[in-house]
There are 2 protein chains.
Amino acid sequence: MRATDAEIVRALPLFGGMQDAHFEALIGAGYLQRFPQGVVLIHEGERPDFLHVLVQGSVEFFSESADRATTLSLLKPPSAFILAAVVLDQLYLKSARTVEPSVVVLIPAQAVRDVFDKDPAFARAVVAELAFRYRNLVKDLKNQRLRTSLERLANWIIAHDEQMGRTGSFKLPIEKKVLANLLGMRPENLSRNLAELARVGVHVRGSIIDIRDIEALKAFARPDPLIDDPAV
Amino acid sequence: MRATDAEIVRALPLFGGMQDAHFEALIGAGYLQRFPQGVVLIHEGERPDFLHVLVQGSVEFFSESADRATTLSLLKPPSAFILAAVVLDQLYLKSARTVEPSVVVLIPAQAVRDVFDKDPAFARAVVAELAFRYRNLVKDLKNQRLRTSLERLANWIIAHDEQMGRTGSFKLPIEKKVLANLLGMRPENLSRNLAELARVGVHVRGSIIDIRDIEALKAFARPDPLIDDPAV
DNA sequence: CCAAGAATTTGATAAATATCAATTGAAAAG
DNA sequence: CTTTTCAATTGATATTTATCAAATTCTTGG
């Protein structure tokens, strides 16, 4: 593994506070792998061998059951994933695939559990990470339960615009069919929903979204910090 | 607080492994409170003052946003709740109300965080608890995204029958409107869905559910261990 | 530049779910 | 035992979402 990749891992909050010796143990046991787009890194139902750290690229988490499939989340680097399955040593509940060529650091699950038992700072970081993920999932469930697909889309647009600096205009960062799945709707539905939002001043040309009346959009979407604010 | 209540708390996996002195510190700072049915213990958006431990009764977690409301989960004793908000010291994302008269032990959030920093066994237990909750939430989201309300109901019936010892017959443990909300549907829908399940041998009289053809029910419901099995 | 393949859009329709209103049923209070 | 209240059911209808099929547009390898 290149030193620069190890540094990316080390810089993550999850690994930042731990003792050097313990970090060396983890990174020494781990290795780096490159994957092309569309590779399934993790299959739900299997047992975790490695903690994964996404260093470059991006990963989509999805799940399939009884002929249906859904996207649960997208992950951007740098971040660790499948932490919960690794610390409990239980089956994966989600599958994961690369949505672009990606670089992943793989750290043997047993090494993670060993260091977790020895290093209190790491244990605390694991708690912080899990609690953070837990809260995001609560927000996802509320989003799904309390809103129609049109409202989820409207709020996603508001949130993404804020993330991009509130310019009122941005390019979709992902394919529309991926966005549709992430928001819990079919691509046909996303298409119609985007058209529908013209009513509140959202204009779409290809993958460019223009918010021409943020107040009207917000009045419709009724954003809720307890669902939409990433810092809450 | 009575010694017997302290023992109930101590017996929880979350508190089981910690040092006696630390447990005394927690329980000494805490106190016990009784609540009648229907009391809102926690309001989403507020900051956590106490880790709650439900000792008796039961609690419903719910959330409201933009005039809509949903039940996210039900909790049975003994269990701790709002751990994620306490350890991160962040706003509650859910509200909680008693659904029957309940007994709750309240432990000041700061005391929890103090002990968490000092006691590695407790820190590990917090991780296990959070990871477990996280995984349950993933299952909830998959259940919601991958199934219709009729399928969720069918699978809930199967799971509840298994919990009750696979007798093929049980009494609903909660009111139908609470169950409806928990499963993400309206009470009218639950009523119709229950009637619909007669097609696959589920017969309902008041709050008594009879499964007369478990194979037919399973063939329809297509249960999935990665969603329905509480041990996975 | 062009053709093939994929993504996206559009139309028509069906299925799932919510809503509103009215009724029935059951349990608690007097 | 009756009245009151609330839960539950039923009917009618509207909304939301999915499905299927057919354009259309966009990308990309040749």
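Below, chain A is the first sequence line, B the second, and so on; all start at residue 1.
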Got a salt bridge between Glu188(B) and Lys177(B), using NZ or NE/NH1/NH2 to carboxylate O under 4.0 Å? no

Taking CG from Leu179(A) and C1' from dT8(C), how many angstroms apart are they, rounded to a whole number? 13 Å

Given the rule in the side chain to side chain donor-acceptor pair (under 3.5 Å) test, do Thr98(B) and Gln37(B) qualify, once you have shown the distances and angles that lead to the verdict? CA-CA 5 Å; Thr98(B) 56; Gln37(B) 182 187 98; over 6 Å; no

Between P of dT10(D) and CG of Leu194(B), the distance in whole Å: 11 Å

Before accepting this row, confirm whether a basic side-chain N of the pair Arg133(B)/Glu129(B) lies closer than 4.0 Å to the acidic partner's carboxylate O. yes

Distance check needed: dT9(C) P versus Arg205(A) CZ, whole Å only. 13 Å

Check the surroundings of atom CZ in Phe35(A): do more than 12 heavy atoms from other residues, nucleotides or ligands lie under 6.0 Å from it? yes

Reading nucleotides 14-30 of chain D from the 5' end, what letters show protein touch, with B for base, S for backbone sugar-phosphate only, - for no heavy atom under 4.0 Å? --SSSBB----------

Taking five pairs at each terminus, the helix from dC1(C)-dG30(D) to dG30(C)-dC1(D) shows an axis bend, to 10°, of 40°

Rounded to whole Å, CG of Leu190(B) lies from P of dA16(C) at a distance of 16 Å

Do Glu162(A) and Lys218(A) meet the salt-bridge criterion of a basic N to acidic O distance under 4.0 Å? yes

Ignoring hydrogens and angles, state whether a donor on the side chain of Ser102(B) or Gln56(B) is under 3.5 Å from an acceptor on the partner side chain. no

Among Gln144(A), Lys142(A), Arg145(A), find the residue that satisfies the side chain to side chain donor-acceptor pair (under 3.5 Å) test when tested with Thr70(B). Arg145(A)

For dC6(D) and Lys177(B) - does any side-chain N or O of the residue sit under 4.0 Å from the phosphate oxygens OP1/OP2? no

Value in whole Å for how far the C1' atom of dA6(C) lies from NZ of Lys176(A): 14 Å

Grab the CG-C1' distance between Leu172(A) and dA7(C) for me, whole Å please. 13 Å

Side chains of Leu137(A) and Leu141(B) in contact at under 4.5 Å (non-hydrogen atoms): yes

